[in-house]
Amino acid sequence: MRRDGCGELRREAAGRKVVLAGWVHRVRNLGGVTFVDLRDASGIVQLVLRNGAHLAHEDVVRVTGTVCPREAPNPSLPTGEIEIEVAEIEVLSRAKPLPLPVADEGSPSEETRLRYRYLDLRKPRLQRNLRLRHRAALAIRNYLDKQGFVEVETPLLTRSTPEGARDFLVPSRLARGSFYALPQSPQLFKQILVTSGVERYFQIVRCFRDEDLRADRQPEFTQLDLEMAFLEDPEELFPLLEGLVAHVFREAIGIEIDLPLPRLPYAEALARYGSDKPDLRFGMEIVDVIDLFPKQSVLAVLQDKIGVARALPVPGGAAKSRSQLAKLAEAAEGQGLDLLAWVKLSEGISSSLGKHVSAEILTAIAARAGAEQGDLVLVAVGEGGVVETALGDLRLRLARDLGLIPRDRWSLVWVVDFPLFKEGEGHLDSEHHPFTSPRSEDLPLLERDPLKVRAKCYDLVVNGVELASGSIRIHRRELQERIFRILGIGGEEAEQRFGFFLRALDYGAPPHGGIAFGLDRWVMMMAGEPSIREVIAFPKTTTGACPLTDAPAPVDEGQLRELGLRLEP
RNA sequence: GGGGACGUGGUCUAGGCUGGACUAGGACACCGGAUUGUCACUCCGGAGACCGCGGGUUCAAAUCCCGUCGUCCCCGCCA
């Protein structure tokens with residue numbers, strides 16, 4: 001007889017003979033009758049046993065019985081209107097006393113959860129997350145398939161890619177002394193694939209970076225990687241990506257995303273929100289107030305230091321006490337800000353600048369920031385760049401603090417026109433990666449003023465989290481080599497590290513571009529989880545360990561010898 | 001590499017500041033008993049912890065100090 005799903009039985013099934021199998025969720029032994037909540041992947045149903053069997057939590061059983069309507073239905077259970085009169089019960093597997101409760105909501109320590117992951121995963125929260133992740137992946141594949149994309153796998157045993165993180169290395173037995181690197185992303189492979197005539201490529205792919213872990217960072221993580229041929233402008237890609245994003249939000253969690261998404265130039269993001277990944281679920285826009293101060297200001301602090309002065313409105317922030325504000329100022333000034341002043345709008349206007357600046361100026365600052373009675377305005381003075389990011393950090397901290405971030409809102413935005421380069425230690429680094437195309441109109445600046453060159457590069461920012469990042473790539477060898485030179489990668493080094501790729505550009509490479517989404521982060525956000533560990537079946541701890549398998553683990557001498565490796569004491 | 005929080009029976013936790021009646025308390029789980037309509041069943045009884053580990057201070061340490069290990073969060077690092 002076919003097995004039914006515990007959670008699927010309803011009133012209509014009354015009278016049917018069924019076979020069920022699952023885990024013993026809870027037992028209520030009343031002596032002459034025992035009630036058992038039986039759980040399988042579909043849900044929970046109540047069994048009625050008339051001749052008692054000794055059952056423990058998480059025992060696995062199979063029962064045969066009849067679906068009966070219940071005299072006293074349980075409205076908190078989807079199957080609450082029926083129960084199963086058990087005729088036969090068979091224990092398929094006994095469970096020892098549990099190291100963590102499965103039928104309880106409480107959360108044991110992370111280490112216990114991971115060591116007994118197979119128990120933790122039985123709980124509804126993680127079951128729900130696994131299924132959400134599956135639905136998201138399925139929606140991605142369906143959508144991209146309809147758009148003519150082909151999923152192609154790329155090697156995991158490969159060579160170092162230039163993403164800037166530390167590589168995980170795999171020693172080669174056949175080529176002693178040489179190592180594979182696990183990919184930080186399939187960047188060059190996907191570019192080679194579009195060059196190979198796969199005009200629309202995608203892959204849901206594991207990536208590896210040997211860096212310290214965070215709540216949203218694991219040493220192995222999953223990207224939705226995609227690339228398209230015959231693109232020269234980000235705008236040619238955005239509609240498709242927006243369609244994808246909207247589709248996934250709809251299919252996975254039933255959220256409708258308004259399209260098209262706004263575009264925000266990098267410089268504007270920094271100026272208005274103090275971040276290249278602004279959270280737009282709330283306002284609190286930063287405004288420039290430098291012109292409001294008199295040219296020959298009497299304000300000594302401002303007189304010689306003044307570079308940039310910007311103001312951040314804090315709705316309801318007037319309730320902050322002087323000492324709280326002093327603490328804020330102290331912390332901000334410790335981070336390189338010259339001055340963090342405040343203007344309070346409660347019972348008139350007051351300010352830490354009160355002695356130095358006229359009431360007219362204070363009022364003008366408040367007005368420019370759009371502050372009203374009960375609000376606070378923070379004014380930051382210092383070096384350009386530092387001021388914006390400091391206010392950006394404060395904007396986030398205070399908004400969280402004051403509960404100004406709506407939980408149910410989704411803000412999606414393209415941040416575009418990133419600079420191509422950033423300053424590294426004594427040389428230039430790529431802001432994105434070395435294969436990013438500069439904007440055509442900025443090409444003349446490449447050698448002359450490289451930091452001014454904008455890239456055909458874009459991030460998708462969701463609720464202040466960088467969810468995806470991509471670019472239009474360089475498809476001409478000359479330009480690629482020019483960029484390498486500016487980055488300080490000489491001809492010889494370029495040939496050695498990327499020769500295989502440069503050669504691919506020699507034989508007819510179409511213009512192309514793409515993007516990569518952090519799938520774990522995406523699912524984490526849709527699941528409303530605080531960490532990507534909650535959406536990964538078998539994640540690692542902050543030290544990169546897996547308590548379930550005890551990886552990483554030492555290997556025996558023989559394995560090392562075969563690889564030609566010896567450990568330093 | 002740096003900063004912070006936490007670590008008490010199987011699980012979650014109280015106690016810790018202010019060391020002594022802590023012989024370490026509770027809840028859940030576990031074991032035994034009672035119980036024919038429960039649904040976080042209930043009731044009675046029981047077992048289970050040298051308070052992560054090592055050292056120090058003290059007449060006395062779960063409690064204070066140092067080190068170490070583990071977990072988590074953050075900075076650096078990392079798209």
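In what follows, every chain begins at residue 1, and chains take the letters A, B, ... in the order their sequences are listed.
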Next item on the list: Just compare C28(B), C39(B), A40(B) and give me whichever is closest to any side-chain atom of Arg26(A).
Entry: A40(B)
Notebook entry, point to check: Has the side chain of Glu151(A) got a donor or acceptor atom that lies under 3.5 Å from a matching backbone atom of Ile204(A)?
Noted result: yes
Check: With a 4.0 Å cut-off, would you call Arg166(A) and Glu211(A) a salt bridge?
Finding: yes
Margin query: So Thr541(A), base contact, sugar-phosphate only, or nothing? Heavy-atom distance under 4.0 Å.
Written below: sugar-phosphate
Notebook entry, point to check: Reckon Thr543(A) touches a base, only the sugar-phosphate, or nothing at all at heavy-atom distances under 4.0 Å?
Noted result: sugar-phosphate
Note to self: Counting the atoms with a prime plus P, OP1 and OP2 as sugar-phosphate, which does Asp212(A) contact under 4.0 Å by heavy atoms, base, sugar-phosphate, or nothing?
What the structure shows: base
Check: Nearest to the side chain of Pro99(A), which nucleotide is it out of G37(B), G10(B), U71(B)?
Finding: G10(B)
Notebook entry, point to check: Between the base of A79(B) and the side chain of Glu431(A), is there any donor-acceptor pair under 3.5 Å?
Noted result: yes
Next item on the list: Quick one: label Glu220(A) by what it contacts on the DNA or RNA (base, sugar-phosphate, nothing), any heavy atom closer than 4.0 Å.
Entry: nothing
Note to self: Here's one to test your reading of the geometry: is the NZ or CZ of Arg395(A) within 45 degrees of the ring axis of Phe282(A) and under 6.0 Å from its centre?
What the structure shows: yes
Check: Atom CG of Leu213(A) and atom P of G2(B): how far apart are they, to the nearest Å?
Finding: 18 Å
Margin query: Taking only the C1' atom of each, what is the distance from A14(B) to C6(B) in whole angstrom?
Written below: 16 Å
Next item on the list: Could you let me know what G7(B) is paired to, Watson-Crick or G-U wobble, both distances under 3.5 Å, or none if it's on its own?
Entry: C69(B)
Item checked: Spacing of the C1' atoms in C22(B) and G16(B) (rounded, Å) -> 12 Å
Check: Partners of Glu431(A) by side-chain contact (heavy atoms from CB on, under 4.5 Å), sequence neighbours excluded?
Finding: Phe418(A), Pro419(A), Lys422(A)
Next item on the list: Select base, sugar-phosphate, or nothing to describe what Arg113(A) touches, counting heavy atoms under 4.0 Å on all strands.
Entry: nothing
Next item on the list: Assess whether one donor atom and one acceptor atom, taken from the side chain of Glu83(A) and the base of G37(B), lie less than 3.5 Å apart.
Entry: yes
Check: With both distances kept under 3.5 Å, what pairs with U42(B), Watson-Crick or G-U wobble?
Finding: A34(B)
